[in-house]
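What you see is a predicted model; the values in this text were computed from it and never measured. The chains referred to below are lettered A, B, ... by the order of the sequence lines, with proteins before strands, and numbering in each begins at 1.
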There are 2 protein chains.
Amino acid sequence: MDLEQRLRERADVLTPSERRIGETILANSQLVAFGTVADVAEAARVGTATVVRFAVKLGFDGYSQLQASVQRDVSGQLRPAVERIRDQRSGDETLATRHADVEAANVRSTLDAIRVGDDRAVVDRLSDERFPVLVLSGVASRGVAMQFVGDLEQLRPGVRLLDGNQVDIVRTLALVGAEATLVVLDLRRYERWLIDAMELARARGAWAVAVTDNVLSPLASMAEHAFVVSAASAGPFDSHVGTLALLNLFVVEVAARRRDGAVTRLDAIEAAWVAADALTDDGK
Amino acid sequence: MDLEQRLRERADVLTPSERRIGETILANSQLVAFGTVADVAEAARVGTATVVRFAVKLGFDGYSQLQASVQRDVSGQLRPAVERIRDQRSGDETLATRHADVEAANVRSTLDAIRVGDDRAVVDRLSDERFPVLVLSGVASRGVAMQFVGDLEQLRPGVRLLDGNQVDIVRTLALVGAEATLVVLDLRRYERWLIDAMELARARGAWAVAVTDNVLSPLASMAEHAFVVSAASAGPFDSHVGTLALLNLFVVEVAARRRDGAVTRLDAIEAAWVAADALTDDGK
DNA sequence: GCTAGAGTGAAACAACCGTTTCATCGCGTG
DNA sequence: CACGCGATGAAACGGTTGTTTCACTCTAGC
């Protein structure tokens, strides 16, 4: 990836037009591999001269040399996959490649383990604004729980991550009680307070879905629906990549279900960002 | 493989020279994908006219059309896995299966995109207790950032997620300054405060690694090392599954590096859990 | 408000490309 | 041996390409 490296090094001296060229060809490298200066210029909506200047600025002699460089990168990519894999794990499998395999497998087996229709019921509940959503999580998965809450919150009101001190949690559970939808998240070596809290909520009639490591988990037995995640890791901690992939599925399906309802919310959020001028595309 | 098919169909009407052209371009399809008539002619040791006649004989209008055909074949192979999956929406493919494909591809391409040795330097820094680690994240990835901080914190002291109000952030950055290691996390539509904070830290000599969506991102240009994540999604929000997989790789590698140093910490944490009787295996 | 300078695209230009033409070669047939 | 004919490459020919020039626009700084 010679081009990417050069782009990175000189990203700060690029003009707006040149930056657009860079983004265009990063998003579509075939354009420069097969195309002419005019093709790239049109796609990036700049003049042909600017494209050539861009190539020179990156340290090439001209467009032709830039194109040759991209073609070299590309030829490597279209070598048969088997060959590439072979010389990647030359001899000993590294920690990095094992990690990649493990995480990819986590995603696959977590999502494959979903029993058809099982997610359907959950999405129905999560899409219904009448039921406030409470998320309970063990410390180990608190980050992905937050991630889930943050996304779901943008699609519907009444989503909350329950944490803080136990008094607060008990009070909240007592208040929302019967109509609450619980999403409970914890893996083996379950946290006692979490089980207690879930028990309390169940006793008050709340509807619960468990995301856990095992069908025999105490969480699973207390929940209406249970999802089993794969949390294998090449390191000392459980990986929550699979968990996040599962939670994202819920988000994606809720978004599809609530399409119109969500748009209003998303527009409001977007408008607020714009009003505050808090976001930027290029840092300038 | 349109070309192969045409070649097989008309193999019997090819002249010796034409046959040699066919063998040449089958053995090296990049030649015709990227090269000129003259290139192919030279490689097959024939004249340029023969190459053109060859293309016509296969049913193309001329060399240009033959080339276009090969390029189409080739571009299918080299488009990023995520993209290919995206428009593979073949009829009745469900949202759930597409989501599974997309998330698995996110993990794979995020981890495949790591330039060898690039992670090495980062892990060196993250493993060194002398450098406090500060994590900065946009709201959209705050959950995975927390997840990362929580895991890394168990392996070494001095890890902090920087959030809260801007005054607090500026003060913290000013205090730790030169010896800090920054991990900055944000995707397109970058948050302005984050860029500002990173600029401030860089000015004070901090060492930074960026995790972002693009080599041209303002974060990448300010960082010592930049990692590009795939965040494709079947829904409206970016997926941070790939991001989490990348951060987990850092955690796994830091754990391997610090093996002995980390054990003491993990034992202490474990002891505290046991003392508080906060964990259970079965809920009883 | 004016100016210097950077940024940009239209147009001119020379080089190269794909295509076509045409003379030559090789070879079987009358 | 002459002849016809398919095969072939050198060279000519438009067309297109990458490159360069140049005039215009926009903006920062005085």
If only side-chain N and O atoms of B:S17 are considered, is one of them under 4.0 Å from the OP1 or OP2 phosphate oxygen of D:dT8? yes
Would you indicate, yes or no, if C:dG9 has its OP1 or OP2 atom less than 4.0 angstrom from a side-chain nitrogen or oxygen of A:T50? yes
Length of the line joining [X]:[atom1] and [N]:[atom2], which is rounded to integer Å:
X     : N     : atom1 : atom2 : value
B:E18 : D:dT8 : CD    : P     : 6 Å
A:K57 : C:dT8 : NZ    : P     : 8 Å
B:E42 : D:dG9 : CD    : P     : 13 Å

State whether the distance check finds a donor on one side and an acceptor on the other, under 3.5 Å, for side chain A:R45 versus base C:dG9. no
Donor-acceptor pair present, A:R53 side chain and C:dG9 base, under 3.5 Å: yes
More than 12 heavy atoms of other groups within 6.0 Å of B:R10 CZ: yes
Base-contact (B) and sugar-phosphate-only (S) positions in nucleotides 11-19 of chain C, heavy-atom cut-off under 4.0 Å, - elsewhere: ------SSB
What pairs with A:F54 under ring-ring contact (aromatic ring centres under 6.0 Å, His included), at least two apart in sequence or on another chain? none
Using a heavy-atom distance cut-off of less than 4.0 Å, which residues of residues 19-28 of chain B contact DNA chain D? none
Is the closest side-chain heavy-atom distance between B:I21 and B:V40 below 4.5 Å? yes
Please verify the inter-ring angle class for B:F250 with B:F227; under 30° counts as parallel, over 60° as perpendicular, anything in between as tilted. perpendicular
Salt bridge flag under 4.0 Å for residues B:R192 and B:D196: no
Any salt bridge between B:R8 and B:E4, counting N to O under 4.0 Å? yes
Is there any side chain to side chain donor-acceptor pair (under 3.5 Å) pair reaching into residues 259-275 of chain A, and which pairs are they, with sequence neighbours excluded? A:E270-B:R189
Scan residues 158-184 of chain B for pairs that pass salt bridge (charged side-chain N to carboxylate O under 4.0 Å, His left out), counting only residues two or more places apart or in two chains. B:R142-B:D163, B:R160-B:D168, B:D168-B:R171
By the 4.0 Å heavy-atom rule, please label B:V46 as base, sugar-phosphate, or nothing. sugar-phosphate
Would you please name every residue forming a side-chain contact (heavy atoms from CB on, under 4.5 Å) with B:A140, sequence neighbours left out? B:H240
